[in-house]
Amino acid sequence: TEQHRDQVSHANAVPPPFGLAFRNDYTFGEKVARTCNLDGQLISLEENGDVKKFKEDLSFAEPEFFQIFNFPIVAGQSKNILAEPNTAVITERMAKKYFADQSPLNKTFRFHSYIDFKIVGVLKDIPHNTDFRSEIYLSYSTIGKYNEWYAEEDAWGGIASDIQTFARLQPGVTTTEVENVLPAYVKKYRAESKNVHHYKLQPINDVHFNPQYHGVMSKTNLSVLGLIGIFLVITAALNFINLATAQAVNRSREIGVRKVLGSVRIQLFWQFTMETGVIVTLSTLVAFCVAYAILPFVNTLFNTKVSLNPLADPSLILFMIALAICVTLLSGSYPGLVLSGFKPVAALKGKLSAQVKKNFNLRRGLITAQFTIAQVLLIALIVILYQLNYFEQSDMGFDQEAIVMIPLGSKDTKTKTLKDQFLQIPNVVSVTQCFAPPASNNRWGTSIRFDNRSEDENFSASFKGADEDFISTFDINLVAGRNLLPSDTVREFLVNEMFVGKLNLPSPEEILGKTISMQGGEWKGPIVGVVRDFHDLSFKAAISPAIFTTSLDNYYEYAVKINMAEASTTLAALEKTWSAMYPEQLYQYEFLDRQTARFYEAEQSMLQLIQAFSFIALFIGCMGLYGLVSFMAVQKNKE
């Protein structure tokens, strides 16, 4: 979905009923399937009176999903998978994890502590090189028990990032044909909305590489890394050319003898090129062995699962052969031309100093090119280091130190009771219940209507469900008005300075007392305060207009600020208190600063790669310089 408000934004998702409507209204799709992908969900199994609890990534999926994609079934139901409500399929790995050597078929597990699913099939383990990482699939017909809005056929009012639709088009149907009819849904279901939707088709081979739609790795980054690799190969080739031409004097008499005995220039050229080929071939084999040996370390460093198996990937063998040939020609052709061009009389008399000196300026030029490449990489390294240092040390507009994020166990009066119990623990400074911390990828963008106007504003506000202790726990500054009063329901609102700016009001005080309504008028109340702007995503994104209100139904986490002097004792007490309140659930926590650091994982990975590449390029450049200096020293023996 491409969303057009005051700015254009993109979501790799569609409204919940989109897939159903597309399947029923048009014949473009040979198969159409909806999925809902959920991370870190509670799965519990009871065995001999003991309850085992796990946090897993899983998906709700319609039966057609398994007809569009290849998920081999190794046991159980093979047709109309997940057609029945409350059914599930799991992978072989999950079956072994949950049931050891027993058959998982017809066994049940509990999702979210209140929905039971029966296992009707076992999938072959999912390979690592896929973006479909769920190893548990639940029947989509049961999704209403998890979230009623996901199951509504008229829920066109918004987009849930969890919901996606996949379609295998009929033969002969083009993407243009399909996209031409999709605006009809906007006119039919969202004609009055200021958040104008444009529904698009995304090819499956674009999913992994398109950062606009949350792709894992952009092709631009891959191209940069590939270009660096080419530079390193060129640097090594230049080094070889330097060393080979510097040693030309030592082989002059050999060349003279070969020419006197009848060798022609082309024969000598290919002789020296083949010598280079032998060196490159040995280097390629050594490089493969080194790459194979360090691959486990690289996978650990970058949290990947890359494999190196030429027998399973013939294209890798072809790449290695092509690379070896290119490097041989690049490295061996110029030295071959220089060496084979020596005149036999001069070569036999050892009078090649003038000809060798002519190549000296070229060698200096090659060394300069080597160090230019190395220094470009070093400059990039320094820039990234400074950028990451800025990310890590700059003020985001709120306090994120010593704050522990703990999930809510329920959405009832027990949450307030548990909050009070947390506050009684020594070294707990403050506690707040919230939708998410101030900066989080867990975002809820919503349309708002200001001051009883006749239509919604043309911008989206980031909803922040927060109780009365939110701004004090995160040390967010209040610039006008007052804080929210305690409440379990929506009664009043706080907004940030960006929100005021979007309304073109001259000062924060101007907005106080004005009314806001959202959720189609279901939530309505006055604005009682304005908080200072803070970064609600990484520094790579602009600050969003934000709106805060009390809403127990939309709290998902506790934020607990603690005294780090007694951190281990306090963390143990928090776990004990939480587990006593929710014994049927699995306790987890994470420090907020670690969550925030994940915004910059891609930059950290790029930094580590460029550090390694810079060292290699500099090392190769120094080897080339050493070779040049050695040659100069030999030339200046008499001097």
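Residue numbers run from 1 in the order of the sequence given. When reading the values below, keep in mind they use all heavy atoms of this one structure, side chains included, and skip hydrogens, waters and symmetry mates.
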(Q) When you compare the side chains of Q271 and E275, does any donor N or O come within less than 3.5 Å of an acceptor on the partner? (A) yes
Q: Would you indicate whether the side-chain heavy atoms of I406 and V560 approach each other to under 4.5 Å?
A: yes
Q) P437 versus M405: any side-chain heavy-atom pair under 4.5 Å? A) yes
Q. Judged by atom type as modelled, is there a donor-acceptor pair below 3.5 Å linking the side chain of Q375 to the main-chain atoms of T372?
A. no
Q.
If you compare all heavy atoms of A617 against all heavy atoms of T235, which two are closest, and at what distance to 0.1 Å?
A. O-CG2, 4.4 Å
Q) How far apart are the closest heavy atoms of T276 and S331, and which atoms are they? A) CG2-CB, 4.0 Å
Q. Which heavy-atom pair separates L537 from M396 by the least distance, and what is that distance?
A. O-CE, 3.3 Å
Q. Where the side chain of D125 meets the backbone of R93, is there a donor-acceptor pair that is under 3.5 Å apart?
A. yes
Q. What do you reckon, are the aromatic ring centroids of F459 and F499 less than 6.0 Å apart?
A. yes
Q) Mind checking what makes ring pair (Phe, Tyr, Trp, His ring centres under 6.0 Å) contact with H4, not counting sequence neighbours? A) H198
Q) Do D57 and Q41 come close enough that some side-chain heavy atom pair is under 4.5 Å? A) no
Q: Please collect all ring-ring contact (aromatic ring centres under 6.0 Å, His included) contacts where either partner lies in residues 586-605, sequence neighbours excluded, each pair once.
A: F391-Y600, W578-Y587
Q.
Minimum heavy-atom separation for F539 and S394, please, with both atom names.
A. CZ-CB, 3.7 Å
Q | Six-ring centre of F209, K219 cation under 6.0 angstrom, axis tolerance 45° | A | yes
Q) Would one find more than 12 heavy atoms of other residues, nucleotides or ligands at under 6.0 Å from atom CZ of F288? A) yes
(Q) I'd like to know if the side chain of Q164 pairs up with that of N37 as donor and acceptor (distance under 3.5 Å, no hydrogens or angles considered). (A) yes
Q: Step by step, work out the side-chain contact (heavy atoms from CB on, under 4.5 Å) result for L58 and I43.
A: CA-CA 10 Å; L58 52 82; I43 297 293; 3.7 Å; yes
Q) Atom CD1 of I403 and atom CG of D475: how far apart are they, to the nearest 0.5 Å? A) 8.5 Å
Q: Not counting sequence neighbours, which residues clear side chain to side chain contact (heavy atoms under 4.5 Å, CB included) with V298? List them please.
A: I294, F302
(Q) Closer than 3.5 angstrom, by distance alone: can the side chain of N496 be matched with the main-chain N or O of A546 as a donor-acceptor pair? (A) yes
Q: Inspect the contact between D39 and K55 and indicate whether a charged nitrogen and a carboxylate oxygen are less than 4.0 angstrom apart.
A: no
Q. If we only count heavy atoms from C-beta on, is the T91 to Y137 side-chain gap below 4.5 Å?
A. no
Q. Does D533 reach the main-chain N or O of E497 with its side chain, forming a donor-acceptor pair under 3.5 Å?
A. yes
Q: Could you walk me through whether L123 and I90 pass the side-chain contact (heavy atoms from CB on, under 4.5 Å) test, one step at a time?
A: CA-CA 6 Å; L123 303 173; I90 63 176; over 6 Å; no
Q | T273 and W270: CA distance, side-chain angles, deciding distance, side-chain contact (heavy atoms from CB on, under 4.5 Å) verdict | A | CA-CA 5 Å; T273 302; W270 282 113; 4.0 Å; yes
(Q) Tell me the closest heavy-atom pair linking A13 and T1, and the distance in Å. (A) O-OG1, 2.7 Å
Q: Determine whether the side chains of T473 and S430 contain a donor N or O and an acceptor N or O closer than 3.5 Å.
A: yes
Q) Is S538 reaching over with its side chain to a backbone N or O of K540, donor-acceptor style, under 3.5 angstrom? A) yes
Q: Report the C-alpha distance between K561 and D399 in whole Å, list the side-chain angles of each, state the deciding distance to 0.1 Å, and finish with yes or no for salt bridge (charged side-chain N to carboxylate O under 4.0 Å, His left out).
A: CA-CA 10 Å; K561 192 166 191 173; D399 185 13; 2.5 Å; yes
Q: Measure from the side-chain N and O atoms of E92 to the backbone N and O of K124, and report whether any donor-acceptor pair falls under 3.5 Å.
A: no
Q. Can you find a pair of side-chain heavy atoms, one from I476 and one from R532, that are under 4.5 Å apart?
A. no
(Q) Under a 3.5 Å distance rule, please check whether N299 uses its side chain to pair with a backbone N or O of V306 as donor and acceptor. (A) yes
Q: For K502 and P545, work out which heavy atoms get closest and say how close.
A: CG-CG, 3.7 Å
Q) Sequence neighbours excluded, which residues qualify as side chain to side chain donor-acceptor pair (under 3.5 Å) partners of S605? A) none
Q: Check whether any side-chain heavy atom of V531 lies under 4.5 Å from a side-chain heavy atom of N477, and answer yes or no.
A: no
(Q) Below 30° counts as parallel, above 60° as perpendicular, anything between as tilted: where do the rings of F132 and F71 land? (A) tilted
Q.
So, taking the atom named OG1 in T130 and the one named CG in N70, what distance separates them when rounded to the nearest 0.5 Å?
A. 10.5 Å
Q | Salt bridge E56-K97, side-chain N to carboxylate O under 4.0 Å | A | yes
Q.
We want to know whether R443 and S544 form a side-chain donor-acceptor pair, criterion being a heavy-atom distance below 3.5 angstrom.
A. yes
Q. Is the closest side-chain heavy-atom distance between D395 and F534 below 4.5 Å?
A. no
Q: Please check if any side-chain donor atom of S315 sits under 3.5 Å from a side-chain acceptor atom of D313, or the reverse.
A: yes
Q | Any donor-acceptor pair under 3.5 Å from S440 side chain to N442 backbone | A | yes
Q | Rounded distance (nearest 0.5 Å) linking atom CD1 of I384 with atom CD of Q604 | A | 10.0 Å
Q: Report the C-alpha distance between I562 and N427 in whole Å, list the side-chain angles of each, state the deciding distance to 0.1 Å, and finish with yes or no for side-chain contact (heavy atoms from CB on, under 4.5 Å).
A: CA-CA 6 Å; I562 66 172; N427 295 305; 5.6 Å; no
Q: Applying side chain to side chain contact (heavy atoms under 4.5 Å, CB included), name anything that partners T284, two or more places apart in sequence or on another chain.
A: V280, M320, A324
Q | Nearest-0.5 Å distance, CD1 of residue I321 to OG1 of residue T281 | A | 10.0 Å
Q: Only counting residues at least two apart or in another chain, list the ones meeting ring pair (Phe, Tyr, Trp, His ring centres under 6.0 Å) with F470.
A: F474, F548
(Q) Can you confirm whether Y556 sits close enough to P407 that some side-chain heavy atom of one is under 4.5 Å from a side-chain heavy atom of the other? (A) no
Q | Gap between atom CD1 of I234 and atom CG of L227 - 0.5 Å precision | A | 8.0 Å
**Q.** Straight-line distance of M217 CE to N210 CG, nearest 0.5 Å
**A.** 13.5 Å
Q. Is a side-chain N or O of E2 found less than 3.5 angstrom from the main chain of K200, in a donor-acceptor match?
A. no
